[in-house]
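What follows is one structure encoded as structure tokens, with my remarks underneath.
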Amino acid sequence: MTVRTRFAPSPTGYLHIGGVRTALFCWLFARRHGGRFILRIDDTDQQRNVEAALAPILEGLKWLGIDWDEGPGAGGDYGPYYQSQRADLYQAAVDKLLASGHAYRDYARPEELQAEREAAEKARQQFVYSRRWMGETADDCRRFEAEGRQAVVRLKMPRQGKLVIGDLVRGDVEFDWAREQDHVIQRADGTCLYHLASVVDDHAMRISHVIRAEEHLSNTPRQMFIAQSLGYGLPAYAHLPFVAEPGSKVKLSKRKLDKYLKNRDFAQLLEHGQRIARAIGLAVQRDTFNPVIVDFYERVGYLPEAIINYLALLGWSLDDRTEHFRPEDLIASFSLDRVNKAPASFDPQKLTAFQERHMLGVPLDQQVEMVLPYLQKARLIAADAGGPVRQRVRQIVAAAADRIKVSGDVLDYADFFTADDKLEYDTQAFDKRLRKDPQAAKLLAKFRRRLAEADAFDAESLDRLMRQFVEAEQIKLGQIIHAVRVAVTGKAIGFGLFDALAILGKESCLARIDRALAMVDHRTD
RNA sequence: GGCCCCGUCGUCUAACCAGGUUAGGACACAGGCCUUUCAAGCCUGCAACACGGGUUCAAAUCCCGUCGGGGUCACCA
């Protein structure tokens with residue numbers, strides 16, 4: 001049997017991190033077994049703007065490398081892949097269910113049904129629809145319609161016996177038919193509901209394994225009933241645990257951002273992203289830009305394979321030690337029987353750790369390519385920046401090394417691109433390193449003269465130069481190096497100082513030191 | 001509330017199915033080393049079988065119960 005899995009998002013305008021995890025597992029399972037991964041759009045409930053609301057989802061999946069064999073933009077033999085375009089199939093299924101007596105037209109008015117529900121609740125009994133307005137015969141239907149009633153179509157569910165779902169993740173799960181309701185499968189206006197559509201499509205698209213989030217587990221009986229009533233063979237089911245909130249077991253939701261922001265790590269993750277986004281002129285409204293949405297990571301400059309790695313381990317593991325996986329490694333080793341049953345909470349710190357680790361493996365030149373767009377969008381370099389600029393970027397990226405955790409972090413080194421007379425100084429650092437110490441300015445001025453005389457301006461020579469200076473002046477390295485750093489980069493922190501000096505070049509270094517010295521004098525006088 | 005699912009360090013997890021481990025790893029955290037600040041790296045440390053009964057020579061592991069958490073109960077998907 002060919003493995004065919006599907007991910008069926010509805011066009012909501014964004015790709016949720018939990019949704020992606022589900023998609024990832026479906027995709028991995030299909031790829032692992034040489035099967036097909038199908039993308040189907042559940043837009044039974046949407047009216048307009050499906051394309052606009054779908055684009056971010058498609059782009060997110062593409063960015064992550066989760067490619068689909070059939071679906072929007074990919075074609076396929078079992079299309080169309082939009083549920084809104086498959087109404088005739090659903091109608092045929094409804095007709096068949098009606099004809100075989102597995103479904104009936106129900107003429108109850110909503111308030112009548114509601115009354116029954118409330119009565120049952122009051123009596124502390126489980127609600128079981130009386131089927132009073134069930135139109136079983138043509139006569140019944142005519143009679144109800146004469147009263148001005150409209151019909152929905154309901155499943156005529158079994159009211160006794162049990163069923164067992166042989167779930168690939170959770171094992172056998174038993175349900176009582178008596179607890180099930182006569183679910184609506186077609187509205188009065190003729191449109192069909194999700195469960196019917198889903199079952200019909202899964203069958204029509206030859207889905208072999210229905211892999212989805214746990215919240216669908218209790219929906220499965222009605223879907224099995226539909227499938228069996230239609231004479232379909234059943235797919236295998238696998239219900240994945242959901243992705244939970246940071247530090248909790250509650251399902252992660254886009255709507256509870258305020259709550260997540262109380263989590264320090266989550267807040268930091270967002271803040272870091274916002275800092276980058278602002279620098280490159282992106283809108284950072286929480287609604288559309290936050291760590292629950294996959295877009296966030298793409299914009300800030302995370303690596304798709306890091307996100308994939310992290311997400312895969314959220315609910316799945318290979319063994320007791322392997323943690324670093326490239327997508328192809330995951331494909332080679334993924335299996336449903338090693339999927340965990342318990343929900344896994346989203347941990348921003350661990351995600352970050354995976355990102356750092358994957359970033360470490362990216363070759364320098366590739367990192368430069370990744371980083372350039374950020375410098376361009378921040379207007380630090382021209383869009384058509386030529387060789388010399390790229391060369392400088394390359395030097396910076398090399399010097400910064402693992403300090404660049406995400407591509408956007410390159411903006412921490414914006415000072416290398418600003419004009420010497422526009423450099424902004426961290427006032428705290430400036431005070432500490434240049435004002436508080438009465439010797440600092442004097443030493444800096446002295447060192448400046450040495451710099452001015454220097455022939456070689458590479459990191460190694462500069463290193464030597466400073467050490468000679470320290471020896472000659474009978475001072476400690478710390479007494480001069482920090483002052484120079486602040487004077488030249490404006491900051492107290494950064495990568496190796498000699499790299500910084502070399503990258504800036506003699507002229508810039510001298511100009512910046514002069515400016516810093518002038519600032520010291522100015523304020524001291 | 002009914003039904004269903006789940007319960008190992010703060011977090012992700014391994015060991016559970018085929019009982020015997022000082023309950024392992026990773027992230028985080030704490031301390032130390034390195035050092036030119038910040039990172040990184042290295043070393044060390046902290047830290048868990050939800051609880052109670054059984055079965056057994058032996059239980060994180062098998063059985064029962066309790067408690068706790070979650071999901072779901074729509075003419076949403």
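Chain A is the first sequence line, chain B the second, and so forth, proteins listed ahead of strands; every chain is numbered from 1.
For the pair Ile404(A) CD1 and rC38(B) C1', the computed distance is 13 Å after rounding to whole Å. Between the C1' atom of rG69(B) and the NZ atom of Lys341(A) lies a distance of 17 Å, rounded to the nearest Å. Here the P atom of nucleotide rU36(B) and the CZ atom of Arg403(A) are 13 Å apart, to the nearest Å. Residue Asp402(A) contributes atom CG, which lies 14 Å from atom C1' of rU35(B) at whole-angstrom precision. One can place CZ of Arg117(A) at 20 Å from P of rG1(B), the figure rounded to the nearest angstrom. Atom C1' of nucleotide rU72(B) and atom CZ of Arg212(A) are separated by 13 Å, given to the nearest angstrom. As a whole-Å value, the separation of Asn263(A) CG from rC27(B) C1' is 14 Å.
As judged by a 4.0 angstrom heavy-atom cut-off over every strand, Ala342(A) is placed among residues touching the sugar-phosphate backbone only. Residue contacts for Leu360(A): at a heavy-atom cut-off of 4.0 Å it reaches no nucleic acid atom on any strand shown. Contact annotation for Val250(A): backbone-only contact, meaning every heavy-atom pair under 4.0 Å involves sugar-phosphate atoms and none involves a base. Contact annotation for Gln126(A): no contact, since no heavy-atom pair falls under 4.0 Å across all strands. Within the 4.0 angstrom heavy-atom criterion, only backbone atoms of the sugar-phosphate kind lie near Leu217(A); the bases stay farther away. Contacts of Gly496(A) with the nucleic acid, taken as non-hydrogen atoms under 4.0 Å apart, include base atoms. Residue Pro110(A) is in base contact, counting any heavy-atom pair closer than 4.0 Å across all strands shown. At a threshold of 4.0 angstrom between heavy atoms, the contacts of Leu314(A) are confined to the sugar-phosphate backbone, with no base atom among them. Residue Tyr310(A) is out of contact with every strand shown, counting any heavy-atom pair closer than 4.0 Å. Backbone-only engagement by Lys405(A) is indicated by non-hydrogen atom pairs under 4.0 Å involving sugar-phosphate atoms exclusively. Using a 4.0 Å heavy-atom distance criterion, His239(A) is classed as making no nucleic acid contact.
Between the side chains of Tyr90(A) and Asp201(A), at least one donor N or O sits under 3.5 Å from an acceptor N or O. There is no side-chain donor-acceptor pair under 3.5 Å between Asp415(A) and Thr489(A).
For the C1' atom pair drawn from rU13(B) and rC49(B), the interatomic distance equals 13 Å after rounding to whole Å. Rounded to a whole angstrom, the distance from the C1' atom of rC57(B) to that of rC17(B) is 23 Å. With both ends at atom C1', the span from rA23(B) to rC16(B) equals 12 Å, rounded to whole Å. To the nearest whole angstrom, the two P atoms, one in rA15(B) and one in rG7(B), are 13 Å apart.
Nearest nucleotide to the side chain of Tyr194(A), out of rA77(B), rA40(B), rU37(B): rA77(B). For Phe242(A), whose side chain is taken as the heavy atoms from C-beta onward, the closest listed nucleotide among rG71(B), rC6(B), rG10(B) is rG71(B). With rC27(B), rU37(B), rG70(B) as the choices, the nucleotide that has an atom nearest any side-chain atom of Arg485(A) turns out to be rU37(B). Of the listed nucleotides (rC5(B), rU72(B), rU37(B)), rU72(B) has the atom at the smallest distance from the side chain of Glu215(A).
An OP1 or OP2 oxygen of rC12(B) is reached within less than 4.0 angstrom by a side-chain nitrogen or oxygen of Lys249(A). Residue Lys350(A) has no polar side-chain atom (N or O) positioned under 4.0 Å from OP1 or OP2 of rU13(B). Phosphate proximity of rC12(B) to Asn340(A): absent, as no side-chain N or O sits under 4.0 Å from OP1 or OP2. An OP1 or OP2 oxygen of rC12(B) is reached within less than 4.0 angstrom by a side-chain nitrogen or oxygen of Ser345(A). Of the side-chain N and O atoms in Ser317(A), one or more sit less than 4.0 angstrom from OP1 or OP2 of rA14(B). At least one side-chain nitrogen or oxygen of Arg338(A) sits closer than 4.0 Å to the OP1 or OP2 atom of rA15(B).
Annotation: proximity of residues 178-188 of chain A to RNA chain B (heavy atom, distance under 4.0 Å) is found for Arg179(A), Val184(A), Arg187(A), Ala188(A), numbered in ascending order.
Ring orientation note: the planes of Tyr413(A) and Phe416(A) are tilted relative to one another, at an angle of 30° to 60°. Between Phe354(A) and His358(A), the ring planes are tilted. Angles from 30° to 60° get that label.
Counting heavy atoms of neighbouring residues, nucleotides and ligands inside a 6.0 Å radius, atom CZ of Arg105(A) does not exceed 12 of them.
In this structure, Arg40(A) contributes its side chain and Ala8(A) its backbone to no donor-acceptor pair below 3.5 Å.
Aromatic ring centres of Trp316(A) and Phe325(A) lie closer together than 6.0 Å.
Looking only at side-chain heavy atoms (C-beta outward), Asp337(A) and Leu168(A) stay at 4.5 Å or farther from each other.
Each of Arg154(A), Lys156(A), Arg131(A) was compared with Asp182(A) under the salt bridge (charged side-chain N to carboxylate O under 4.0 Å, His left out) criterion, and only Arg131(A) meets it.
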